[in-house]
Visitor: 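The structure follows.
When a residue number appears, it is its place in the shown sequence, counting from 1.
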Amino acid sequence: MDQVQDSVTIKRIENDYDKEIVLVSDYDNFDIKKVPLYDALILDFTERDKCLKAIRDVRGSGIESIYLIPLFVLSIAEIKNQEIIELADGVINNIQTDSINTFVENVKSKRRQLKPFNMNAEINKNLVKMLRYSYSRDKLMKPVKDRHHIIGYKYPILSLSLGDDNARMQIQTVHEAVEKEYFKAEYVDRLHLCGNCSSGFLNYKELDPETNSSHLETENLIHHFTCAYIGPESDFVRGDQYICPKCNKTLRHIGVDYDKPSVMYHVVGSDRYFQEPVMKAECMSCGHQNEVEGLQQYDVYNLALTEEGVEEAIQPKGSQSVQDVVYSGFITYSTFGTFLRYEIERVKTSSRNSSIGLIRLNVTSKIESELGTRYGKIIEEISSFISNNTDSSCILSRSMHSFFILFPDTPLEKCQMKIEKIKSAITELLKNNVKDQNINVHSTVREITPTSEYQTVLNDLRASILND
């Protein structure tokens with residue numbers, strides 16, 4: 001039977017596995033530098049705030065032997081704090097060393113596979129930490145709502161490294177993780193953020209287009225059927241009756257004598273009236289006055305580790321120089337995103353739909369490494385082929401192993417035929433030039449309609465490829 005040995009700061013849990021499993025309840029004397037000496041931590045939730053701080057200190061560390069340690073929270077009461085649930089390896093109401101030992105062994109097995117790497121400018125250390133934490137636990141990275149975080153959502157393990165106010169770095173890191181296909185993204189929610197600082201805390205205000213005042217009150221417009229006079233309701237009020245200021249007749253029944261077709265806005269303290277206010281979104285963080293149409297759209301995802309993500313977690317390589325090359329006829333991926341946004345807006349005002357295609361090479365990091373410089377030449381040849389076999393009106397871009405083609409004013413059926421021909425030619429090219437490697441080619445096409453949304457189009461393209 002398990003026994004607990006007393007200690008000043010921690011209590012070592014006796015077990016049959018010769019493991020250093022310790023229960024921490026004295027947080028004032030908790031020394032995080034000693035964490036690597038233990039096999040597992042059990043944190044007592046009795047002092048809630050101190051327990052949460054200890055969890056954040058452990059998971060927020062930049063030292064792998066600290067942030068990857070198995071960590072459990074001991075609590076009799078149910079814990080609803082989602083950050084704790086995401087950062088802990090389990091909430092337990094009693095100590096079962098058998099199950100803890102099994103978890104510890106699984107994590108140790110994964111950690112033994114993690115290879116050392118030299119940090120350089122091409123490696124995002126925060127992304128590596130996220131990958132290794134996810135891999136060591138086989139854990140889905142879930143966003144957590146947090147009103148203290150500048151975006152309003154955070155990935156706890158990432159936020160601890162970046163800080164709650166570093167919105168852009170969180171956005172960029174998650175974008176890099178999804179774009180490099182280290183994680184498969186599953187849609188959770190959509191946010192609209194400040195275009196200046198990426199804060200999610202916005203105050204939507206109706207403003208007078210001339211004075212920019214938000215001190216407004218609304219008043220019904222009244223339309224008198226008989227004389228066709230239209231004016232604010234206050235013009236008609238005389239005591240408890242409506243009297244038309246133009247023809248002096250009494251208005252008795254709405255729908256018979258008059259109606260209220262709209263409202264007027266009045267700037268309080270002035271004689272200014274107007275009908276169409278301007279909508280602005282004022283950032284509560286930086287004060288920037290955003291046009292509503294100019295807000296930054298940001299989709300929040302659950303992130304599931306992919307095979308590419310596992311490879312990067314085990315042996316981080318970061319960006320490869322060949323991936324940054326923009327070939328003739330191609331534009332950068334970020335610029336492609338801008339073109340796609342413009343195309344969606346153009347489709348909304350025209351009578352013709354457009355299409356977008358994606359061709360992806362199923363190339364693992366291992367294959368890319370084995371091919372070495374040959375891979376760069378293959379990508380260059382494929383890029384040249386696509387450029388020479390698409391119309392000049394097409395917009396081309398490449399990201400990692402994916403080739404994006406935007407077909408303006410092109411029906412879906414025609415785009416599908418074109419993409420299939422390109423896919424077949426690339427497949428044949430690979431068979432002739434890379435006989436020692438099995439590289440499959442996947443393709444998909446989506447229609448751009450007036451109801452299309454930029455991020456949804458790209459997400460749908462990637463999802464269909466990954467699920468192929």
Visitor: Is there a side chain to side chain donor-acceptor pair (under 3.5 Å) between T335 and T338 once you walk through the steps?
Guide: CA-CA 5 Å; T335 304; T338 302; 5.9 Å; no

Visitor: Do H215 and V267 come within less than 4.5 Å of each other through their side chains, counting heavy atoms only?
Guide: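 No, every pair of side-chain atoms sits at 4.5 Å or beyond.
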
Visitor: For the atom pair CD1 (I55) and CD (E86), what is the distance rounded to the nearest 0.5 Å?
Guide: 12.0 Å

Visitor: Decide yes or no for V278 and E206: does some side-chain heavy atom of the first lie under 4.5 Å from some side-chain heavy atom of the second?
Guide: no

Visitor: From C244 SG over to F225 CZ, what is the distance, rounded to the nearest 0.5 angstrom?
Guide: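 If I round to the nearest 0.5 Å, the distance is 12.5 Å.
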
Visitor: Is it true that H224 and Y258 have ring centroids separated by less than 6.0 Å?
Guide: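 Distance test on ring centres: not under 6.0 Å, no.
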
Visitor: Does this structure show an ion pair linking K317 with E308, if we count only N-O contacts that are shorter than 4.0 Å?
Guide: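 No, this pair does not count.
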
Visitor: Between N290 (side chain) and G195 (backbone), is there a donor-acceptor pair under 3.5 Å?
Guide: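 Answer holds: yes.
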
Visitor: Are Y204 and M279 close enough, and set up right, to give a side-chain contact (heavy atoms from CB on, under 4.5 Å), and what steps lead you there?
Guide: CA-CA 7 Å; Y204 292 86; M279 181 66 77; 4.3 Å; yes

Visitor: So is K418 actually on top of F407's ring, under 6.0 Å and inside 45° of the axis?
Guide: no

Visitor: Test your reading of the model: is there a side-chain donor-acceptor pair from N203 to the backbone of E282, 3.5 Å cut-off?
Guide: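 Such a contact is absent between N203 side chain and E282 backbone.
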
Visitor: Distance-only, no hydrogens or angles: does the R59 side chain make a donor-acceptor pair with backbone N or O of L87 under 3.5 Å?
Guide: yes

Visitor: What is the distance from atom CD of E176 to atom CD1 of I171, rounded to the nearest 0.5 Å?
Guide: 14.0 Å

Visitor: Could you pull out the closest heavy-atom pair between C197 and C283, with the gap in Å?
Guide: SG-SG, 3.5 Å

Visitor: What verdict does the side-chain contact (heavy atoms from CB on, under 4.5 Å) test give for Q297 and R190, after you've listed the backbone C-alpha separation in whole Å, the side-chain angles of each residue and the deciding distance to 0.1 Å?
Guide: CA-CA 7 Å; Q297 182 175 293; R190 174 164 295 159; 3.5 Å; yes

Visitor: Can you confirm whether the side chains of K139 and S134 place a donor and an acceptor under 3.5 Å from each other?
Guide: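 Checked: K139/S134 side chains show no N/O donor-acceptor pair below 3.5 Å.
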
Visitor: So if I apply the side chain to side chain contact (heavy atoms under 4.5 Å, CB included) rule between L406 and each of L340, L396, T390, which one comes out positive?
Guide: L340

Visitor: Looking at Q289, I want to see if its CD is surrounded by more than 12 non-hydrogen atoms of other residues, nucleotides or ligands under 6.0 Å.
Guide: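 Yes - once you tally the heavy atoms of other residues, nucleotides and ligands closer than 6.0 Å, there are more than 12.
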
Visitor: For F339, look at atom CZ and say whether over 12 heavy atoms of other residues, nucleotides or ligands are found less than 6.0 Å away.
Guide: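 Atom CZ in F339 is not packed in, count stays at 12 or less.
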
Visitor: Assess the side chains of D189 and Y153: does a donor N or O sit below 3.5 Å from an acceptor N or O?
Guide: yes

Visitor: Any donor and acceptor pair, going by atom type alone, linking the side chain of H148 with main-chain N or O of G152 inside 3.5 Å?
Guide: no

Visitor: Which atoms form the tightest heavy-atom contact between S383 and R398, and what is the distance?
Guide: OG-CD, 4.3 Å

Visitor: Looking at R346 and D409, does any basic side-chain N land under 4.0 Å from a carboxylate oxygen?
Guide: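 So R346 pairs with D409 through a salt bridge.
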
Visitor: Just by modelled atom types, is the G231 backbone N or O under 3.5 Å from a matching donor or acceptor in the D235 side chain?
Guide: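 Answer holds: no.
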
Visitor: Determine whether more than 12 heavy atoms belonging to other residues, nucleotides or ligands lie under 6.0 Å from atom OH of Y187.
Guide: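 Count over threshold, so yes.
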
Visitor: Decide if atom NZ of K205 counts as having more than 12 heavy atoms of other residues, nucleotides or ligands within a radius under 6.0 Å.
Guide: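 Yes, because the 6.0 Å sphere around NZ of K205 holds more than 12 heavy atoms from other groups.
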
Visitor: Any sub-3.5 Å donor-acceptor pair from K246's side-chain atoms to C227's backbone N or O?
Guide: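 Yes: the side chain of K246 pairs with the backbone of C227.
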
Visitor: Once rounded to the nearest 0.5 Å, what's the spacing between atom CD1 of I419 and atom OG of S443?
Guide: 6.5 Å

Visitor: CG of D138: more than 12 outside heavy atoms within 6.0 angstrom?
Guide: no

Visitor: Give a yes or no answer on whether the side chain of R446 reaches the backbone of I356 with a donor-acceptor pair at less than 3.5 Å.
Guide: no

Visitor: Is any NZ, NE, NH1 or NH2 atom of the basic residue among D49 and K53 found under 4.0 Å from an Asp or Glu carboxylate oxygen of the other?
Guide: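 Here D49 does not pair with K53 in a salt bridge, since their nearest N and O are not under 4.0 Å apart.
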
Visitor: Under 6.0 Å from the CD atom of E217, do we count more than 12 heavy atoms belonging to anything else shown?
Guide: yes

Visitor: Answer yes when R132 and E64 have at least one side-chain N-carboxylate O distance shorter than 4.0 Å, and no when they do not.
Guide: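 Looking at R132 and E64, the cut-off is met.
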
Visitor: Return yes if some donor-acceptor pair links the side-chain N/O of S397 with the main-chain N/O of I331 below 3.5 Å, else return no.
Guide: yes

Visitor: To check you understand the geometry: which heavy-atom pair defines the closest contact between I69 and D89, and what is its length?
Guide: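 In this case the closest contact between I69 and D89 is O-OD2, 3.8 Å.
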
Visitor: Does K423 offer a backbone N or O that forms a donor-acceptor pair with the side chain of T427 under 3.5 Å?
Guide: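 Yes, because the side chain of T427 sits within donor-acceptor range (under 3.5 Å) of the backbone of K423.
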
Visitor: Do L158 and Q170 make a side-chain contact, defined as non-hydrogen atoms from C-beta onward lying under 4.5 Å apart?
Guide: yes

Visitor: Can you tell me if CE on M284 sees more than 12 non-hydrogen neighbours from other groups inside 6.0 Å?
Guide: no

Visitor: Where do L216 and V268 come nearest, in terms of heavy atoms and distance?
Guide: C-CG2, 4.2 Å

Visitor: Report yes if the side chains of E381 and L429 come closer than 4.5 Å at any heavy-atom pair, otherwise no.
Guide: yes

Visitor: For a side chain to side chain donor-acceptor pair (under 3.5 Å) check, start with the C-alpha distance between T306 and K184, then their side-chain angles and the critical distance, and finish with the verdict.
Guide: CA-CA 6 Å; T306 64; K184 180 179 178 181; over 6 Å; no

Visitor: Side-chain contact, heavy-atom cut-off 4.5 Å: I405 with F336?
Guide: no

Visitor: To check you understand the geometry: which heavy-atom pair defines the closest contact between R238 and P245, and what is its length?
Guide: NH2-CA, 4.2 Å

Visitor: Using a cut-off of 6.0 Å, state whether more than 12 heavy atoms not belonging to K414 lie near its atom NZ.
Guide: no

Visitor: Is K377 salt-bridged to E380, cutoff N-O under 4.0 Å?
Guide: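 No, K377 and E380 are not salt-bridged.
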
Visitor: A side-chain contact here means heavy atoms from C-beta on lying under 4.5 Å apart; do F274 and D208 qualify?
Guide: yes

Visitor: Would D257 and R252 satisfy salt bridge (charged side-chain N to carboxylate O under 4.0 Å, His left out), going step by step from the backbone distance to the final call?
Guide: CA-CA 6 Å; D257 300 322; R252 301 183 185 280; 5.9 Å; no

Visitor: Please collect all salt bridge (Lys or Arg N to Asp or Glu O under 4.0 Å) contacts where either partner lies in residues 141-155, sequence neighbours excluded, each pair once.
Guide: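 Listed once each, the pairs are E83-K154, D146-K154.
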
Visitor: Using the rule given for side-chain contact (heavy atoms from CB on, under 4.5 Å), can you reason through L295 versus L193, listing the C-alpha separation, both sets of side-chain angles and the distance that settles it, and then say yes or no?
Guide: CA-CA 6 Å; L295 290 173; L193 310 178; over 6 Å; no

Visitor: Hey, are T250 and Q241 close enough side-chain-wise for a donor-acceptor pair under 3.5 Å?
Guide: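 Side chains of Q241 and T250: no pair found under 3.5 Å.
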
Visitor: Is any side-chain heavy atom of F72 closer than 4.5 Å to one of L41?
Guide: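 Of all side-chain heavy-atom pairs linking F72 with L41, none is under 4.5 Å.
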
Visitor: So which atom in L131 and which in F183 form the shortest heavy-atom distance, rounded to 0.1 Å?
Guide: CD2-CE1, 3.5 Å

Visitor: Using side-chain heavy atoms (C-beta onward) and a distance below 4.5 Å, is L202 in contact with C194?
Guide: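 Answer yes - side chains close enough.
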
Visitor: Quick one: does T173's side chain have a donor or acceptor within less than 3.5 Å of a partner on M169's backbone?
Guide: yes

Visitor: In Å and rounded to the nearest 0.5 Å, what is the CG to CD1 distance from N353 to I448?
Guide: 9.0 Å

Visitor: First locate atom NZ of K180, then atom OG of S402, and finally report the distance between them rounded to the nearest 0.5 Å.
Guide: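 That separation rounds to 13.5 Å.
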
Visitor: Is the ring pair F236/Y229 parallel, tilted or perpendicular, if the boundaries are 30 and 60 degrees?
Guide: tilted

